[in-house]
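The next block holds one structure in the form of structure tokens; read it before the comments.
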Amino acid sequence: MALVGIDGERKSGIDIRAEHATMAISNIVKSSLGPVGLDKMLVDEIGDVTITNDGATILQRLEVEHPAAKVLVELAELQDSEVGDGTTSVVIIAAELLKRGTELVKNGIHPTTIMSGFRLALKEAVKFVKSNLMVPIEQLGDDALISAAKTSMASKLLNADESFWSKLAVDAVRSVKTQTADGKARYPVSAIHILKAHGKSSTESELVSGFAINVQRAAQGMPSSINGAKIALLDFPLQRHKVQMGVTVQVDDVGEVEGIRQRELDITKERIQKILQAGANVVLTTKGIDDTCLKYFVEAGVLAARRVKKEDLTRLARATGGRVVVTLADMEGNETFDSECLGSADIVQEERIGDGEMLYIRGTALSKATTIVIRGANEFHLDELDRALHDVLMVVKRVLESAAVVAGGGAVEAALSIFLEKHAQTLATREHLAVAEFAQSLLVIPRTLSVNAAQDAIELVAKLRANHHAAQQGSCDPRRFSGILEPAISKIKCLRFATEAAITILRIDDMIKLNPKPPPDDPRHM
């Protein structure tokens with residue numbers, strides 16, 4: 001509908017909630033849910049191929065234009081950054097809630113009533129998970145961590161060697177344990193560096209105590225190992241100083257030209273000397289180091305490496321207590337290098353891994369650093385291993401920090417569905433319709449898991465509901481586990497994020513889209 005006085009169009013009501021757009025996004029990732037979910041091959045405009053079944057990665061690669069569908073893409077990214085796993089589930093639940101909410105709107109229920117009902121259902125669901133379904137890991141022991149890691153990797157490429165990878169992930173997360181000021185244990189996954197190396201089998205991946213960087217020393221004359229390392233972290237090139245472009249130097253004597261060249265060399269040497277005099281015996285830079293500078297480093301017995309990734313340098317600065325230096329200039333305009341900028345480590349060593357050399361920094365001063373060197377046949381394989389391993393590490397971190405797990409495999413959703421259906425019957429307001437629809441929406445997870453496993457979804461979900469109904473009546477133990485565990489915080493956040501996303505879209509009743517302005521030389525602009 002065109003707007004009077006405004007160059008644009010307006011959509012109202014059901015159209016804007018775009019049930020078809022959000023369900024299309026949900027249907028794309030639906031078949032990748034669960035231990036037997038299928039992979040997606042994504043090809044971008046320049047022909048780069050990504051093969052994955054990670055929900056967040058699939059949605060990031062899609063160029064989604066519809067505003068309502070974009071909310072679901074952002075939802076998957078939020079779940080990935082907050083929890084690390086459950087990105088597919090959160091999108092499927094949000095799309096199902098939106099679909100059922102839209103149906104209620106079509107039947108004459110006001111969106112405000114539906115939103116109120118969804119919020120009430122969410123509140124009761126979270127309360128029920130915390131009181132009835134959550135189990136502290138102290139009761140289950142270390143097996144709970146391994147089980148949670150195996151559950152996370154069940155749908156991933158790592159599944160073939162789940163025992164190897166789950167133990168490696170648990171050891172890696174535990175190795176970076178730190179204590180906060182209030183005494184709580186924290187496990188920063190950012191301190192775990194994942195390094196990809198071609199060749200060998202994935203089971204020959206290893207956990208290295210220390211920090212590994214995929215670079216090698218810049219010259220063969222440098223030492224391959226430095227004990228008691230003082231590391232200079234630079235974000236500028238170490239190259240022979242040259243007179244800047246546009247600067248003209250007029251000389252009368254040919255001999256003075258040689259003097260200018262010599263001064264350029266001296267300036268370069270002075271810069272190197274300032275870094276060395278501060279005590280640096282390892283120099284890492286994100287830019288290049290030319291032969292002139294390399295000569296000075298080799299003479300001084302310093303280990304230098306160039307073209308280090310900026311994110312690796314930043315992470316190393318945090319671990320070693322150093323600072324990334326972007327220029328030698330100080331506030332007065334002089335060139336200085338402060339020894340406080342140096343990071344410390346017990347040893348920096350070059351080691352051969354696969355086809356090339358890597359630099360290992362062990363015994364970092366401030367925080368513990370761990371590196372997982374993953375091996376694989378090709379780039380696609382390594383990329384998918386990296387994504388899968390990140391999810392598993394995040395799950396182990398969440399289990400250790402929240403110290404509680406819940407049953408996986410759609411059990412929580414089925415239990416909540418039964419509970420919320422009963423709760424809806426106790427409500428004497430219109431919200432009971434929204435709560436009942438919320439309960440039905442949660443069953444999309446066990447149903448999708450059954451369909452992806454080529455099983456009879458109707459029969460299996462009915463059996464699951466019957467068992468949970470019996471458990472809630474008290475005739476059997478509701479906390480019987482079969483080794484399928486997930487972090488409790490993951491489930492709770494998944495429900496919260498999905499509900500908020502559905503409410504965000506249901507709240508919208510008008511969309512005004514302005515037409516793009518034509519360029520000034522366009523005849524329509526006249």
N/O donor-acceptor pair under 3.5 Å between [X] side chain and [Y] backbone:
X: Asp386; Y: Leu382; answer: no
X: Ser175; Y: Ala172; answer: yes
X: Arg217; Y: Gln220; answer: yes

Check this for me, if you would: do [X] and [Y] make a salt bridge, where the nitrogen-to-carboxylate-oxygen distance has to be below 4.0 angstrom?
X: Glu299; Y: Lys269; answer: no
X: Glu401; Y: Lys397; answer: yes
X: Glu204; Y: Arg375; answer: no
X: Glu413; Y: Lys491; answer: yes

Any [X] side-chain heavy atom under 4.5 Å of [Y] side chain:
X: Leu449; Y: Pro35; result: yes
X: Phe164; Y: Ser202; result: no
X: Val308; Y: Leu316; result: no
X: Ser225; Y: Glu350; result: no
X: Arg174; Y: Asp171; result: no

Approximate separation, where rounding is to 0.5 Å, of [X] [atom1] and [Y] [atom2]:
X: Thr87; Y: Leu33; atom1: OG1; atom2: CG; result: 9.5 Å
X: Thr371; Y: Ile213; atom1: OG1; atom2: CD1; result: 8.5 Å
X: Ile445; Y: Ile93; atom1: CD1; atom2: CD1; result: 4.0 Å
X: Leu98; Y: Ser26; atom1: CG; atom2: OG; result: 10.5 Å

Q: Determine the sole option in Leu389, Val395, Val392 for which the side chain to side chain contact (heavy atoms under 4.5 Å, CB included) test with Met153 is passed.
A: Val392
Q: Examine the side chains of Lys309 and Thr286 and answer whether a donor and an acceptor come within less than 3.5 Å of each other.
A: no
I'd like a table of donor-acceptor pairs (distance under 3.5 Å, sequence neighbours excluded) in which one partner is a side-chain atom from residues 41-50, with atom names and distances.
| from | atom 1 | to | atom 2 | distance (Å) |
| --- | --- | --- | --- | --- |
| Asp44 | OD1 | Ile46 | N | 3.2 |
| Asp44 | OD1 | Gly47 | N | 3.0 |
| Asp44 | OD1 | Asp48 | N | 2.8 |
| Thr50 | OG1 | Arg61 | NE | 3.4 |

Q: Answer yes or no: are there more than 12 heavy-atom neighbours, outside Lys177 itself, under 6.0 Å from its atom NZ?
A: no
Q: Look at atom CD of Glu340 and say whether more than 12 heavy atoms of other residues, nucleotides or ligands are closer to it than 6.0 Å.
A: no
